[in-house]
Protein chains: 2
Amino acid sequence: MRVKPQTRAVEDYTKTIYTIAERGDVPTTNAIAGELDVRPASVTGMLRKLAALQLIRYEPYRPVELTEAGRRIALEVIRHHRLIETFLAQALGMPWDQVHEEAEILEHAISERLEDRIAEALGHPEFDPHGDPIPRRDGTIARRELRPLPAFSSGEAVRIARIRRQDAEALRYLGSLGLTPGTTVMIHDKAPLDGPLTLELRDLGTSIVLAHHMAQTVMAEHGDAS
Amino acid sequence: MRVKPQTRAVEDYTKTIYTIAERGDVPTTNAIAGELDVRPASVTGMLRKLAALQLIRYEPYRPVELTEAGRRIALEVIRHHRLIETFLAQALGMPWDQVHEEAEILEHAISERLEDRIAEALGHPEFDPHGDPIPRRDGTIARRELRPLPAFSSGEAVRIARIRRQDAEALRYLGSLGLTPGTTVMIHDKAPLDGPLTLELRDLGTSIVLAHHMAQTVMAEHGDAS
DNA sequence: ATTAGAAATTAGCTATGGCTAACTTACAAT
DNA sequence: ATTGTAAGTTAGCCATAGCTAATTTCTAAT
């Protein structure tokens with residue numbers, strides 16, 4: 001999975017293109033600029049460079065696409081990121097709403113040697129504290145059939161598996177409700193017209209109400225499988 | 001001890017100036033260039049910038065001197081570096097000859113928040129795996145009266161406290177002989193004219209021979225004190 | 001006092017990756 | 001077919017921090 005020395009910008013752009021595509025959006029100049037918090041003009045410049053490096057396929061005015069080489073770099077950076085998040089949470093007890101920000105920087109600073117050691121120490125985890133899959137060294141990724149909470153029906157018991165958010169505030173909120181990966185909840189009620197969901201925490205027996213747009217970011221699977 | 005956002009170059013230069021002065025050398029343009037592996041012309045440029053930032057006092061053609069602000073930055077970076085080394089060795093079992101290289105990069109990537117957590121997890125250590133003192137958050141440093149091995153006399157029992165080297169090869173060599181901080185050795189013999197030292201490892205009872213120039217980098221204190 | 005040689009500086013260049021302002025292109029609505 | 005608007009690109013700029021080559025300064029030896 002090793003490629004060759006890359007600048008931080010190259011790592012950030014390939015990673016961003018990958019994650020935009022992975023969540024089903026289109027990796028346009030504007031989308032990338034928004035994600036990286038730079039101006040679109042700067043993105044155009046970098047896209048030309050990435051294309052020259054054969055990391056993306058790029059036609060002006062068209063969305064970009066990672067090449068196989070680009071994908072490998074993206075996955076490597078994401079692996080770094082998610083392993084670091086997992087390590088910070090498990091080894092140092094850092095709260096799950098803080099680990100993303102730290103990993104955002106450390107992902108560029110960690111060596112393969114150290115990465116291996118961390119993966120080893122953690123027992124080669126497949127998922128990070130948010131339930132995001134950690135790409136394996138060979139570039140493969142664990143696949144799961146997850147759906148957002150509102151896609152389940154009232155009465156169903158589901159196991160929360162992944163939170164598709166990384167902003168600290170939302171994570172703190174969800175954490176305070178007990179909605180973390182691994183938790184099993186019962187869909188008690190779904191208010192119509194994209195209204196809030198009422199959930200029952202299986203373990204505590206308590207009931208909570210969650211806005212539809214928040215529930216959309218909570219991915220789950222049936223029952224308390226695996 | 002917090003100051004303000006600094007570039008990596010600023011951190012590297014202030015740290016380098018500090019360590020050159022700390023080991024008793026004179027922080028000249030050439031010395032800094034050698035340490036950082038850049039050309040002297042580049043150093044001159046950076047020195048002008050550091051002076052503008054009030055981090056050093058600088059007169060052309062003269063050695064530089066850190067200001068109080070510069071010293072604070074240097075100590076902060078060194079604290080990062082040595083805490084990371086200690087963490088990598090203790091928490092991840094990384095060998096002491098590898099931790100320097102990793103820390104060299106991570107020292108610029110770690111947040112104060114994470115640093116605090118690491119210090120906490122380690123129980124606020126005062127020394128890193130090489131015996132180098134870890135500056136405290138308030139900028140103070142543990143002081144010890146150490147002397148290089150050849151400064152002791154035959155027959156003396158000394159406790160190794162610090163290795164003034166960071167290259168992996170020398171560290172691996174010393175480690176293979178058992179000469180690590182905390183070990184107590186007996187100076188068995190000193191060959192004249194800067195000849196090799198014969199040492200006896202107290203615990204194992206084995207005898208080893210060490211070149212004078214290597215022994216110079218091994219700092220120790222009397223007996224097995226503290 | 002002069003001068004050779006080492007040390008340091010200056011001048012001018014490079015690459016990276018941002019930015020703004022001005023423009024071009026694509027496309028949807030008429 | 002035309003045109004307005006949003007999206008994207010180009011041109012030209014900036015800062016950072018490196019480099020080489022040429023020059024200057026310092027210092028120690030004569």
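To find a chain, count down the sequence lines: A is the first, B the second, and so on, and within it residues start at 1.
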Answer yes or no on whether [X] is positioned over the face of [Y], meaning its NZ or CZ is under 6.0 Å from the six-membered ring centre and within 45° of the axis.
| X | Y | answer |
| --- | --- | --- |
| R165(A) | Y173(A) | no |
| R147(A) | F152(A) | yes |
| R71(B) | Y18(B) | no |

Output the residues of residues 30-49 of chain A in contact with DNA chain C, where contact means a heavy atom of the residue under 4.0 Å from an atom of the strand; sort by number or write none.
->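 The stretch gives V38(A), R39(A), A41(A), S42(A), M46(A), K49(A) as the residues lying under 4.0 Å from the strand, ordered by number.
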Looking at residues 57-67 of chain A, who's got a heavy atom less than 4.0 Å off DNA chain C?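 Y61(A), R62(A) - these, ordered by number, are the residues of the stretch whose heavy atoms sit under 4.0 Å from the strand.
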| said: Can you give me the closest heavy-atom contact between A161(B) and L146(B), atom names plus distance? | reply: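 Closest approach of A161(B) to L146(B): CB-CD2, 3.7 Å.
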*Closest contact, heavy atoms only, L199(B) versus I187(B)*: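 Heavy atoms only, the tightest pair is CD2-CD1, 4.0 Å.
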Checklist entry - Do D138(A) and T140(A) have side-chain N/O donor and acceptor atoms under 3.5 Å apart? => result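 Checked: D138(A)/T140(A) side chains pair up, N/O donor to acceptor below 3.5 Å.
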Between the side chains of H81(B) and D128(B), is a donor N or O closer than 3.5 angstrom to an acceptor N or O?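 Side-chain D/A pair, H81(B) to D128(B): absent.
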- Message: Looking at R144(B) and E221(B), is there a salt bridge between them, counting it only when a charged N and a carboxylate O are closer than 4.0 Å?
- Response: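 So E221(B) does not pair with R144(B) through a salt bridge.
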Report task. Look at K15(B) together with E104(B) and state whether they make a salt bridge at an N to O cut-off of under 4.0 Å. Result ->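 Salt bridge flag = yes for E104(B) with K15(B).
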*asked:* With a strict under 4.0 Å distance from non-hydrogen atoms of chain A, what nucleotide opens and what nucleotide closes the contacted stretch of DNA chain C, reading 5' to 3'?
replied: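 The footprint of chain A covers dT16(C) to dC27(C).
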Check: W96(B) main-chain N/O paired with H130(B) side-chain donor or acceptor under 3.5 Å: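 Checking the backbone N and O of W96(B) against the side chain of H130(B), a donor-acceptor pair under 3.5 Å is found.
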Is T28(A) close enough to dA7(D) that one of its side-chain N or O atoms is under 4.0 Å from OP1 or OP2 there?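 Looking at the OP1 and OP2 atoms of dA7(D), neither is under 4.0 Å from any side-chain N or O of T28(A).
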